[in-house]
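To keep things clear, I will list the structure first and then write my remarks on it.
Proteins come first, then strands; the chains are lettered A, B, ... in the order of their sequence lines, and each starts at number 1.
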Amino acid sequence: MDYFKKAIVLSLKEVTNLPEDEIAGFIEIPPDIKMGDYAFPCYSLSKTLKKSPAIIATELLSAIRPVAPVREVKALGPYLNFFIDKAIFSENISKKIFEEKDRYGCSAIGAGKTIVVDYSSPNIAKHLAVHHLRSALIGSGVYNVYKTLGYKCVGINHLGDWGTQFGQLIVAYKKWGGENAHTSYTVTDLNDLYVKFHQEAEKNPGLEGEAREWFKKLEAGDAEARELWQHFKDISLKEFQKIYDMLGIHFDAFTGESFYNTLVEDTVNRIKEKGLTRISEEALIIDLEPYNMPPCLLRKKDDATLYATRDIAAAEYRKKTYNFERMIYVVGSEQKLHFRQVFKALELMGHDWANHCIHVDFGLMKFKEGKMSTRKGNVVLLEDLLVEAVERIRKIIEEKNPSLENKETVAHEVGIGAIIFANLSTKRNKDVVFDWDAVLNFEGETGPYVQYTHARLCSILRKYGKPVATDIQYELLKEEETVILVKILSQFPLIIRKASEAYEPSLISNYLIDVCSSLNRFYNAHRVLSDDEELTRARILLVDATRQVIKNGLNILGMHAPERM
RNA sequence: GCGCCCGUAGCUCAGUGGAUAGAGCAACGGUUUCCUAAACCGUAGGUCAGACGUUCAAAUCGUCUCGGGCGCACCA
């Protein structure tokens with residue numbers, strides 16, 4: 001609870017005889033700043049006191065003795081509304097931001113605790129496409145949010161580098177891969193082979209069997225299978241890294257599914273020893289019938305392990321290696337059941353940390369025509385999208401600010417930023433229909449809008465040219481636009497905390513839109529630089545504070561905050 | 001069939017128990033001798049899918065219905 005709310009709670013405590021916690025729980029922020037800064041609704045008191053809420057509000061008003069920083073109390077209908085001294089408030093907030101700088105919004109609540117975040121996790125031998133963006137960006141955002149709160153974060157790219165599909169790829173490669181495939185292959189070639197395999201397999205079902213054989217060989221450590229697999233992986237990782245670099249996404253580990261291959265045996269044995277398994281339809285399963293779930297398959301009838309088996313082994317390994325406080329899987333909601341099964345399996349194995357594993361799911365990205373599928377080849381490649389975004393920004397710069405220095409860098413920061421922001425600006429559980437025009441629209445509530453606002457603030461500060469100072473006359477920050485802005489700036493730390501609790505980076509992007517639209521309203525209504533020296537100094541401090549908050553927020557989203565654009 | 005998610009302005013979305021449901025886009029009108037007009041202001045646009053219920057109070061909670069999406073044994 002902040003200093004301002006605390007003061008109100010204490011004065012209400014005297015007149016209502018309610019416990020502090022209860023009062024604090026009731027206190028609200030009025031919808032309009034004209035109604036005050038905080039409000040106490042009197043509805044619930046009306047039940048015990050048998051009086052109308054409006055009368056209670058009036059009675060409380062006459063009894064209450066407001067002390068600083070509360071300046072005024074009013075009874076507005078069923079609410080008792082509190083008005084904070086604006087000068088004290090803006091001094092308090094401005095100084096805090098000015099002192100903390102890049103650390104404004106940070107906290108130490110995560111000190112000494114580790115969070116594992118599993119995100120992106122694409123399949124090897126396929127291109128990264130636009131529908132891979134969501135996991136990567138939401139995961140990266142969640143990672144940054146937790147880092148801001150002082151947690152030690154471990155970002156893991158759980159590469160899909162294992163499974164029957166590699167058997168399929170090996171078969172396709174050996175049959176149609178060509179002579180000099182080894183030296184010149186790209187992900188495109190691998191992708192073509194994958195598509196071809198599925199086309200051919202429809203005509204010739206025997207191919208599936210061959211593929212299973214090859215995957216078994218791979219699992220058994222067969223030299224030829226192993227070599228081909230490593231080759232596919234190298235090609236893929238090289239291309240992936242290029243795109244992660246473009247997006248500015250960082251991982252602490254690239255331990256994919258194959259990494260757990262050697263651990264799976266032991267995991268399965270321990271599950272067996274606990275008596276959790278049985279054979280059903282020739283497969284080794286954990287029966288989850290009592291929990292109203294389909295069984296968790298550990299081994300197929302050909303003995304090969306599955307996704308779930310490796311996920312269980314991976315979870316144990318990560319707990320042992322990182323001793324996480326919480327582990328977050330940023331994976332699409334179509335895998336909800338899978339994670340419920342895996343978490344339940346972990347629980348049945350006796351791991352008390354099973355409920356520290358969280359599936360942070362998100363909605364599907366699809367075309368108007370339907371689902372995106374690498375297998376069917378109807379995708380938009382991520383690289384194409386990023387290149388196109390940068391290209392469009394480059395044109396806009398040419399048009400609006402042709403004399404800008406570092407055009408290339410800025411075009412990159414703004415273009416990529418636009419894509420990141422667009423992906424993080426709606427709540428994650430919504431399905432998204434991919435639409436080129438919508439993604440590449442840069443007006444209104446977009447990344448470029450936020451960055452542009454930031455650049456203009458930097459421009460003012462450059463023009464001012466003197467150091468920003470906090471020994472200003474805070475009473476000068478009194479217009480409505482100003483007061484609203486300060487208030488919004490004060491909420492940043494709370495927003496970060498909420499974003500962490502809900503695993504929802506969109507709270508940050510929506511908040512930044514709030515900051516920017518309030519700033520722009522202020523900017524258009526009042527001049528910052530003027531002959532009035534005291535007023536200029538006061539507004540400069542506000543400009544600097546706003547610039548700082550926008551920058552900090554953008555960085556959490558994984559975006560740059562260019563100083564000119 | 002069963003389970004989960006979604007349904008708010010023409011479109012994309014905020015708002016998830018409190019005061020008059022808000023933004024952006026699209027449409028129309030306006031603002032630049034002035035700190036970057038990638039901005040700002042105004043007009044218009046709503047049966048919060050529907051019904052019933054809980055509550056002093058429901059877009060928000062519950063039940064049901066309708067519509068859309070996803071998942072439900074050897075893919076990941």
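- Look at B:rC66: its Watson-Crick or wobble partner, with both distances under 3.5 angstrom, is B:rG7.
- One finds a side-chain N or O of A:Y449 lying less than 4.0 angstrom from the OP1 or OP2 phosphate oxygen of B:rC40.
- No engagement by A:L461 is indicated, since no non-hydrogen atom pair under 4.0 Å with the nucleic acid exists.
- Considering only side-chain N and O atoms, A:K400 lies under 4.0 angstrom from the phosphate OP1 or OP2 of B:rA38.
- Within 4.0 Å (heavy atoms only), A:Y464 reaches no atom of the nucleic acid at all.
- Comparing the same atom, C1', in B:rA39 and in B:rA23 gives a spacing of 16 Å after rounding to whole Å.
- Side chain of A:V528, nearest nucleotide from B:rC25, B:rC40, B:rC35: B:rC35.
- Residue A:Y452 has a polar side-chain atom (N or O) positioned under 4.0 Å from OP1 or OP2 of B:rA38.
- Base contact: A:I396 has a heavy atom under 4.0 Å from a base atom.
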Chi angles and distances behind the side-chain hydrogen bond (donor to acceptor under 3.5 Å, both in side chains) call for A:E265, A:T305: CA-CA 9 Å; A:E265 194 64 38; A:T305 59; over 6 Å; no
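- For A:F40 and A:F82, the ring centers are positioned 6.0 Å apart or more.
- Across the P atoms, B:rG22 and B:rA9 are found 14 Å apart, a figure rounded to whole Å.
- With a cut-off of 3.5 Å on both Watson-Crick or G-U wobble distances, the partner of B:rA57 is given as none.
- OP1 or OP2 of B:rU36 has not a single side-chain nitrogen or oxygen of A:R462 nearer than 4.0 Å.
- A:F442 comes within contact range of no nucleotide atom at all, as no heavy-atom separation falls under 4.0 Å.
- Heavy atoms of A:A438 sit nowhere under 4.0 angstrom from any nucleic acid atom.
- The partner of B:rC72 is B:rG1, by the rule that a Watson-Crick or G-U pair needs both atom distances under 3.5 Å.
- Within the 4.0 Å cut-off from OP1 or OP2 of B:rA76, at least one side-chain nitrogen or oxygen of A:R310 is found.
- Place A:Y523 and A:R340 on RNA chain B by their nearest nucleotides, and A:R340 ends up nearer the 5' end.
- Residue A:L529 is classed as a base contact, given a heavy-atom separation below 4.0 Å to a base.
- Note: A:W229 and A:W162 have perpendicular aromatic rings, judged against thresholds of 30 and 60 degrees for the angle between ring planes.
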Between protein and nucleic acid, restricted to nucleotides 10-14 of chain B and to nitrogen or oxygen atoms under 3.5 Å apart, what atom pairs and distances do you find?
from: B:rA14; atom 1: OP1; to: A:K427; atom 2: N; distance (Å): 2.7
from: B:rA14; atom 1: OP2; to: A:K430; atom 2: NZ; distance (Å): 3.4

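- A:K301 comes within 4.0 angstrom of a base, heavy atoms only.
- Residue A:K463 has a polar side-chain atom (N or O) positioned under 4.0 Å from OP1 or OP2 of B:rU36.
- Distances were taken from every side-chain heavy atom of A:L337 (C-beta onward) to each of B:rG71, B:rA76, B:rA38; the shortest belongs to B:rG71.
- When heavy atoms are screened at a 4.0 angstrom cut-off, A:M565 is found touching base atoms of the nucleic acid.
- A:I513 comes within 4.0 angstrom of no nucleic acid atom, judged by non-hydrogen atoms across all strands.
- Taking only side-chain nitrogens and oxygens, A:S459 comes nearer than 4.0 Å to OP1 or OP2 of B:rU36.
- Place A:F40 and A:R278 on RNA chain B by their nearest nucleotides, and A:F40 ends up nearer the 5' end.
- For B:rG10 and B:rC70, the C1' atoms lie 28 Å apart once the distance is rounded to whole Å.
- Classified by interplanar angle (parallel below 30°, tilted 30° to 60°, perpendicular above 60°), the ring pair A:F339/A:Y329 is tilted.
- For A:H127 and A:Y194, the distance between ring centers is not under 6.0 angstrom.
- Relative to the side chain of A:L306, the nucleotides B:rU36, B:rA76, B:rC4 differ in distance, and B:rA76 lies closest.
- Among the heavy atoms of the strands lying under 4.0 Å from A:P294 are primed sugar atoms or P, OP1, OP2 only; no base atom is included.
- A heavy atom lying under 4.0 Å from RNA chain B marks the following residues of residues 26-39 of chain A, by number: A:E28, A:P30, A:P31, A:M35, A:A39.
- When ring centroids are compared, A:F492 and A:Y511 come within the 6.0 Å threshold.
- B:rU60 and B:rU16: their C1' atoms are spaced 4 Å apart (whole Å).
- Paired with A:T546 under the rule side chain to side chain contact (heavy atoms under 4.5 Å, CB included), one option of A:L541, A:L457, A:I488, A:T453 passes, and it is A:L457.
- Between the base of B:rA23 and the side chain of A:S517 there is no donor-acceptor pair shorter than 3.5 Å.
- With 3.5 Å as the limit, one finds a donor-acceptor pair spanning the side chains of A:T536 and A:S530.
- Of the candidate nucleotides B:rG71, B:rA38, B:rC40, B:rG71 has the atom nearest to the side chain of A:E334.
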Trace of the side-chain contact (heavy atoms from CB on, under 4.5 Å) decision for A:H198 with A:Q168: CA-CA 9 Å; A:H198 283 280; A:Q168 296 169 352; 3.4 Å; yes
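- Between A:L298 atom CG and A:R278 atom CZ the span is 12.0 Å, to the nearest 0.5 Å.
- Note on A:D287: nothing from the nucleic acid sits closer than 4.0 angstrom, heavy atoms only.
- Across all strands shown, B:rA44 forms no Watson-Crick or G-U wobble pair with both key distances under 3.5 Å.
- Across all strands, A:H526 comes closer than 4.0 Å to base atoms (heavy-atom distances).
- Here the straight-line distance linking atom OG1 of A:T58 with atom CG of A:L80 works out to 9.0 Å at 0.5 Å rounding.
- With both ends at atom C1', the span from B:rA26 to B:rU12 equals 11 Å, rounded to whole Å.
- Looking only at side-chain heavy atoms (C-beta outward), A:F421 and A:Q451 stay at 4.5 Å or farther from each other.
- Screening A:Y119, A:F259, A:Y260, A:F254 against A:H158 for a ring pair (Phe, Tyr, Trp, His ring centres under 6.0 Å) leaves a single residue, A:Y260.
- Within the 4.0 angstrom heavy-atom criterion, only backbone atoms of the sugar-phosphate kind lie near A:E257; the bases stay farther away.
- Taking the C1' atom of each, B:rG62 and B:rG30 are spaced 49 Å apart, rounded to whole Å.
- In this structure, A:S280 reaches the bases: a heavy-atom distance under 4.0 Å links it to at least one base atom across the strands shown.
- The gap from the C1' atom of B:rC5 to that of B:rA38 amounts to 36 Å, rounded to the nearest Å.
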